[in-house]
Engineer: 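I am attaching a structure below and will ask some questions about it afterwards.
All figures in this text were calculated on a predicted structure; none of them were measured in a lab. Each chain gets a letter, A, B and so on, in the order its sequence line appears, and its residues count up from 1. Because only heavy atoms are used, hydrogens play no part in the values below, and waters and symmetry mates are left out as well, while side chains stay in.
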Protein chains: 2
Amino acid sequence: MNRMRIGDLTERAGVTQRTVRYYESIGLLPSGEREGNGHHYYTEETVTRLQKIDQLKKIGLSLEEIRDVVELYFTDTSGVQPKRKVLGILRRHLADTDQKLEALGLFRSDLQSNIERFERWLEANEGD
Amino acid sequence: MNRMRIGDLTERAGVTQRTVRYYESIGLLPSGEREGNGHHYYTEETVTRLQKIDQLKKIGLSLEEIRDVVELYFTDTSGVQPKRKVLGILRRHLADTDQKLEALGLFRSDLQSNIERFERWLEANEGD
DNA sequence: ATATAATATGACGTTAACGTCATGTTTGCA
DNA sequence: TGCAAACATGACGTTAACGTCATATTATAT
């Protein structure tokens with residue numbers, strides 16, 4: 001189904017209309033083409049774009065950070081200068097990500113050892 | 001230096017007074033003992049507690065989530081019932097953490113491959 | 001043709017995690 | 001003893017990421 005209006009778009013992408021309009025307002029989503037009437041029309045790409053945004057949000061990126069990288073998945077970024085810029089952004093995000101991964105890993109083993117400690121205690125102190 | 005007032009505390013922990021008072025107000029930090037005058041007094045433990053909170057924040061936990069787990073590092077949680085409760089919380093956080101780790105890992109390799117793609121393009125299209 | 005559903009736009013409300021005054025009391029030092 | 005620096009408390013302000021009306025126009029089913 002190509003060329004849908006906001007109702008179908010939000011249903012397929014699992015977001016609210018408010019979210020779509022908010023994203024349009026901050027330039028995260030290109031505001032769909034409008035006909036003679038005031039209505040906006042969207043395509044399949046808008047759906048996948050919204051889904052991609054959702055993925056990146058779950059990772060913990062802010063909408064501003066997402067705006068930096070999401071273009072990458074949907075445009076051709078021609079020219080040397082833009083490509084260099086995107087490359088810089090990507091490298092920064094990679095460094096950030098590695099830090100987060102490390103911190104999360106430490107937290108995980110912290111959790112793990114605490115869990116084991118509690119389990120041992122409970123096993124020792126009652127018949128369960 | 002044990003038994004300090006808020007000025008030293010915030011300097012050592014690298015947070016503002018507002019932050020300390022906010023944490024006290026939401027029960028994340030025990031509000032330091034007060035003398036006859038209205039002043040609060042804190043100890044070394046408060047410093048390390050603030051630092052622990054900061055670590056957990058960097059991982060992406062909300063203050064509410066932190067309140068759930070931070071006690072663990074500073075109290076004895078005696079009794080079987082409380083221990084069971086904490087154990088439940090820990091297990092939930094472990095599952096959350098594993099999900100985040102997986103998502104972050106995927107994002108990382110996504111970034112990585114994009115970076116390589118851009119690098120190859122730049123190498124091919126100019127002498128650098 | 002008309003009632004109902006869908007859309008557009010604007011404005012105010014909300015939560016988290018504090019920042020920033022304003023005002024009043026306490027402490028520490030010359 | 002006097003006075004600037006430190007502290008306490010209260011209230012209003014701020015940003016992100018939307019939620020929730022209210023109102024007006026357009027689309028659609030009967």
Engineer: Answer yes or no: does a side-chain N or O of Gln17(B) lie under 4.0 Å from OP1 or OP2 of dC7(D)?
Structural biologist: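 Answer is yes, contact under 4.0 Å.
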
Engineer: Is the shortest side-chain N to carboxylate O distance from Glu119(A) to Arg91(B) below 4.0 Å?
Structural biologist: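 Between Arg91(B) and Glu119(A) there is a salt bridge, with a charged N closer than 4.0 Å to a carboxylate O.
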
Engineer: Just wondering, are more than 12 heavy atoms of other shown residues or ligands nearer than 6.0 Å to CD in Glu116(A)?
Structural biologist: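 Enclosed: over 12 neighbouring heavy atoms sit under 6.0 Å from CD of Glu116(A).
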
Engineer: Check the pair Arg49(B) / Glu71(B) against salt bridge (Lys or Arg N to Asp or Glu O under 4.0 Å), numbers first and verdict last.
Structural biologist: CA-CA 9 Å; Arg49(B) 196 178 181 110; Glu71(B) 272 310 310; 2.4 Å; yes

Engineer: Leu56(A) CG to dA17(D) P: how many Å, rounded?
Structural biologist: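 Taking atom P of dA17(D) as the reference, CG of Leu56(A) is at 13 Å.
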
Engineer: Let me confirm one number: the OG1-CZ distance from Thr46(A) to Arg3(A), rounded to the nearest 0.5 Å.
Structural biologist: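 The distance works out to 12.0 Å.
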
Engineer: Using salt bridge (Lys or Arg N to Asp or Glu O under 4.0 Å) as the criterion, list what pairs up with Arg21(B), not counting sequence neighbours.
Structural biologist: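 For Arg21(B) there are no salt bridge (Lys or Arg N to Asp or Glu O under 4.0 Å) partners, ignoring immediate neighbours.
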
Engineer: Which whole-number value in Å describes the distance from Ile6(A) CD1 to dA5(C) C1'?
Structural biologist: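 Value for this atom pair: 15 Å.
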
Engineer: Can you tell me the distance, in whole Å, between the CD atom of Glu65(B) and the C1' atom of dA17(C)?
Structural biologist: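 Taking CD of Glu65(B) and C1' of dA17(C), I get 14 Å after rounding.
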
Engineer: Quick one: is dT9(C) close enough that its OP1 or OP2 comes under 4.0 Å of any side-chain N or O from Arg21(A)?
Structural biologist: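 Looking at the OP1 and OP2 atoms of dT9(C), neither is under 4.0 Å from any side-chain N or O of Arg21(A).
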
Engineer: For Asp8(A) and Thr19(B), take the nucleotide of DNA chain C holding the closest heavy atom to each; which residue's nucleotide lies nearer the 5' end?
Structural biologist: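 In this pair, the answer is Asp8(A).
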
Engineer: Whole-Å distance between dA6(C) P and Met4(A) CE?
Structural biologist: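 So the CE-P distance, Met4(A) to dA6(C), works out to 17 Å.
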
Engineer: Protein-nucleotides 13-16 of chain C N/O pairs closer than 3.5 Å?
Structural biologist:
none

Engineer: Between Thr16(B) and dC18(C), is there a side-chain N or O to OP1/OP2 distance below 4.0 Å?
Structural biologist: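 Result: no.
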
Engineer: Nearest whole Å is fine: how far is dG10(C) P from Glu24(A) CD?
Structural biologist: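 After rounding, the gap between these two atoms is 13 Å.
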
Engineer: Look at the side chain of Gln99(A) and the backbone N and O of Asp96(A), then say whether any donor-acceptor pair between them is shorter than 3.5 Å.
Structural biologist: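 Looks like no, no N/O pair under 3.5 Å.
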
Engineer: Between CG of Leu61(B) and OG1 of Thr97(B), what distance do you get to the nearest 0.5 Å?
Structural biologist: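 The CG atom of Leu61(B) sits 7.0 Å away from the OG1 atom of Thr97(B).
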
Engineer: Give the rounded distance in Å between these two atoms: CD of Glu11(A) and C1' of dA5(C).
Structural biologist: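 Atom-to-atom, Glu11(A) to dA5(C), this comes out as 14 Å.
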
Engineer: With a 4.0 Å limit, can you tell me whether Tyr23(A) has a side-chain N or O closer than that to the phosphate oxygens OP1/OP2 of dC18(D)?
Structural biologist: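 True: Tyr23(A) side-chain N/O within range (under 4.0 Å) of dC18(D) OP1/OP2.
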
Engineer: Generate the contact string for nucleotides 25-30 of chain D. Rules: B means base contact, S means sugar-phosphate contact only, - means no protein heavy atom under 4.0 Å.
Structural biologist: -SS---

